[in-house]
Amino acid sequence: MSITPHQLAVKSLVHATCQAGDLHPGAGAGRTTTEEGSRAQQLLQKKEGAEYRAEYPVGGYFRAAGVALKLSGRVDGVQIDTTETVVDEFKASRLPAQTLAEQQGHLHWAQLQIYAALLALNLPTSTRFLLRLRYIHPDTLAEHRQERRVGRDELLAFLSACLHRFSERFAKELTRRKRRNQAMANLSFPLAQFRPNQRALAGTVYSALC
């Protein structure tokens, strides 16, 4: 019997397993719209060489802690080379780059590492990766770039750890849902009959939940 894998986006995996640090109430000041971020990103992507591939799809099927997963995402930019593959992640914000890095940098790097790990699985001849986190201002296109060189084994170990962390939690959640559904299936109305309008209210709630 085949098991339908749980669909999981790279960004969702990151936010489920790599959250850390404090809340930052002032972060909204640097927020940009999706359109603003995409426009700035595309302008910078066009400046790269002919071998540069923008919006490069990655993904794979995994099984961890008894949970089947289909992980997928889209890398902002890739330049594949057997010596060193470049992997880009763009983040548009009006916040100072240092502030953005302090508040959300750990999540941005985690996302970039998982993208690179998925690339490593699909590119067996690539062993070294140059990860580039590129913070851009949507109005001025000013760029603050951070770089890290990472090996294939380190990337795959990071991906494996994130998948196991997610799968262990998700397996517990599936067990909780199963027990909940079993308990609900055995529930009956606790009184002899509905009060006036009670059945109509129950029906409306049921329809809304569905």
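Since this is a predicted model, take the numbers as computed values, not measurements.
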What distance do [X] atom [atom1] and [Y] atom [atom2] have between them, rounded to the nearest 0.5 Å?
X	Y	atom1	atom2	value
L71	H6	CG	NE2	10.0 Å
L69	F166	CG	CZ	6.0 Å
L100	L133	CG	CG	8.0 Å
Q146	W109	CD	CH2	6.0 Å
S126	L119	OG	CG	8.0 Å

So which atom in A171 and which in A65 form the shortest heavy-atom distance, rounded to 0.1 Å?
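The answer is CB-O, 4.0 Å.
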A116 to L131 - nearest heavy-atom pair and separation
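Scanning both residues, the minimum pair turns out to be CB-CD2, 3.5 Å.
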Test: ring pair (Phe, Tyr, Trp, His ring centres under 6.0 Å). Region: [range]. Which pairs qualify, not counting sequence neighbours?
range	result
residues 34-75	none
residues 131-165	H108-Y135
residues 190-210	F189-F194

Any pair counted as side chain to side chain donor-acceptor pair (under 3.5 Å), so long as it reaches residues 9-19, sequence neighbours left out
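Residue pairs with at least one partner in residues 9-19: H15-Q19.
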Side chain to side chain donor-acceptor pair (under 3.5 Å): pairs with one or both residues in residues 179-203, sequence neighbours excluded
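Listed by first then second residue: nothing to list.
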Verdict with reasoning, Q113 to E154, per side-chain hydrogen bond (donor to acceptor under 3.5 Å, both in side chains):
CA-CA 9 Å; Q113 288 179 87; E154 182 180 346; over 6 Å; no
Pairing residues for R169 by the side chain to side chain contact (heavy atoms under 4.5 Å, CB included) criterion, not counting sequence neighbours
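R165.
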All pairs passing salt bridge (Lys or Arg N to Asp or Glu O under 4.0 Å) where residues 118-143 contributes a residue, at least two apart
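Matches after skipping sequence neighbours: E48-R132, E48-R134, D88-R132, D88-R134, R94-D139, R134-E143, E143-R145.
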Kindly state each residue pair satisfying salt bridge (Lys or Arg N to Asp or Glu O under 4.0 Å) with at least one member in residues 70-80, sequence neighbours excluded.
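Those involving residues 70-80 do not exist here.
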Mind checking what makes side chain to side chain donor-acceptor pair (under 3.5 Å) contact with [X], not counting sequence neighbours?
X	answer
S167	none
E51	none
T99	none

Heavy-atom distance under 4.5 Å between the side chains of V10 and L118, does that happen here?
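SC-SC contact between V10 and L118 confirmed.
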Are any non-hydrogen side-chain atoms of L156 and L121 less than 4.5 angstrom apart?
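Yes, side chains in contact.
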Candidate list Q104, Q41, Q111, test side-chain hydrogen bond (donor to acceptor under 3.5 Å, both in side chains), partner K91, passing option
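Output: one option passes, namely Q111.
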Once salt bridge (Lys or Arg N to Asp or Glu O under 4.0 Å) is applied, do any residues pair with R177, and if so which ones, sequence neighbours excluded?
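For R177 the salt bridge (Lys or Arg N to Asp or Glu O under 4.0 Å) partners, ignoring immediate neighbours, are E173.
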Determine whether V58 and V78 satisfy the following criterion, side chain to side chain contact (heavy atoms under 4.5 Å, CB included), listing intermediate values before the conclusion.
CA-CA 11 Å; V58 291; V78 175; over 6 Å; no
Taking G203's backbone N and O only, do any of them form a donor-acceptor pair with S207's side chain (distance below 3.5 Å, no angle check)?
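Yes: the side chain of S207 pairs with the backbone of G203.
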